[in-house]
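Structure, as structure tokens:
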Amino acid sequence: MASLRNIFLVSLSCLLGLTAAWYNPIRNPGGSDPFLVYTGGYYYLLSTTWTDVEIARATTIAGLETATKKSVYSTSTASRCCNVWSPEVHYLGDTWYIYYTAGETTDLDGQRLHVLTGGSTPWDDFTYTGQLTTEWSIDASVLRFTDYGNFMMFSCFHDVTYQSICIQQLGSDYVSLTGDIYVISQPTESWETSGTPVNEAPSALYFGGTTYISYSASYCWTADYCLGLLTWDGSTDPTDASAWSKSSDCVFSSANGNYGTGSNGFFQSPDASQTWIVYHATEYSSGACNDSRYTMVQLLGTHTDGSPNFGSPVAWTHAYSEPSGE
Ligand SMILES: *[C@@H]1O[C@H](CO)[C@@H](O)[C@H](O)[C@H]1NC(C)=O
């Protein structure tokens with residue numbers, strides 16, 4: 001239904017001689033834990049399939065709605081066959097890597113971080129390279145600093161009672177983690193503890209000269225699942241929790257029929273003048289952690305103090321133009 005309507009609206013725009021608009025969601029269903037990057041003339045979109053690591057590409061956001069997904073990796077190895085979640089593709093050195101979560105078929109206790117090594121574009125072949133963590137961990141994402149180097153962020157239970165945000169230094173080979181694991185955010189505020197206390201799905205945001213981490217707070221089977229924001233003080237060692245200040249409330253939460261808005265990524269427009277957010281939501285007003293979740297994309301705004309303004313999840317009828325071109 002949604003895509004028929006989109007085809008009608010896009011055709012109408014073309015007849016009227018307008019620039020083709022596109023509409024959310026851009027992947028529905030199957031749009032959980034989305035990650036999106038623009039590079040070399042293509043947008044690449046990855047989301048959770050539970051069974052394998054898949055990637056799709058298109059030259060426009062509208063094109064992603066119908067792009068064919070390519071499976072780049074799956075395995076029957078029991079320790080990491082299943083519950084394949086949250087793949088993200090990152091460029092480090094001169095190579096693209098996919099960091100993702102996988103575990104066992106029996107339950108979620110075996111969830112660990114893994115890495116695939118690719119080539120000079122995200123469309124090259126990937127090969128399995130290794131397991132990054134030996135304790136429970138999900139939602140790997142890279143965090144970069146000029147003075148402190150690269151880190152892996154993830155959700156963990158590292159000497160804490162509730163699912164928290166951890167960081168660990170990324171090795172110079174980009175396929176290993178080194179040194180200690182540090183907890184930098186725990187679910188302590190009321191808006192982080194709905195259903196059950198959770199902090200997960202960290203994502204780096206470099207905005208207006210400041211480094212932020214967005215993350216998802218509260219339990220995904222509630223409509224209170226939302227985004228929180230950590231702001232780095234700009235100088236303190238990022239492994240020190242005191243380097244980060246937490247938003248006083250959710251910065252992005254359920255609206256316009258989109259519930260449980262979270263597990264996001266950020267990407268730049270082709271000319272790098274705009275920052276866009278990609279996230280998932282569900283139509284179920286009680287929230288959902290399953291494949292009903294769809295992928296949404298929208299433009300980030302700026303508050304008067306220069307910090308990011310996430311606004312509200314847009315209605316599906318909101319017409320967007322393509323991100324700003326080169
Ligand atoms: C997701 O969960 C909802 C609520 O329990 C259920 O109604 C729906 O069928 C599920 N959808 C999928 C795709 O698993």
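All residue numbers refer to positions in the sequence shown, counting from 1. Counting starts at 1 for both ligands and their atoms, in listed order.
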Atom 13 (C) of ligand 1: nearest protein contact (heavy atom, Å): S292 N, 3.7 Å

Is the ring pair Y128/Y100 parallel, tilted or perpendicular, if the boundaries are 30 and 60 degrees? perpendicular

Closest non-hydrogen protein atom to atom 8 (C) of ligand 1, residue and atom name please, with distance? Y284 OH, 3.4 Å

Atoms of ligand 1, numbered as shown, that sit under 4.0 Å from any heavy atom of N290: 1 (C), 2 (O), 3 (C), 8 (C), 10 (C), 11 (N), 12 (C), 14 (O)

Just need the protein heavy atom nearest to atom 4 (C) of ligand 1, so name the residue and atom and give the distance. W221 CZ3, 4.0 Å

Ring centers of W316, Y294 separated by less than 6.0 Å: yes

Is the Y43 ring parallel, tilted or perpendicular to the F267 ring (thresholds 30°, 60°)? perpendicular

Could you check whether S155 and Q163, counting side-chain N and O atoms only, form a donor-acceptor pair closer than 3.5 Å? yes

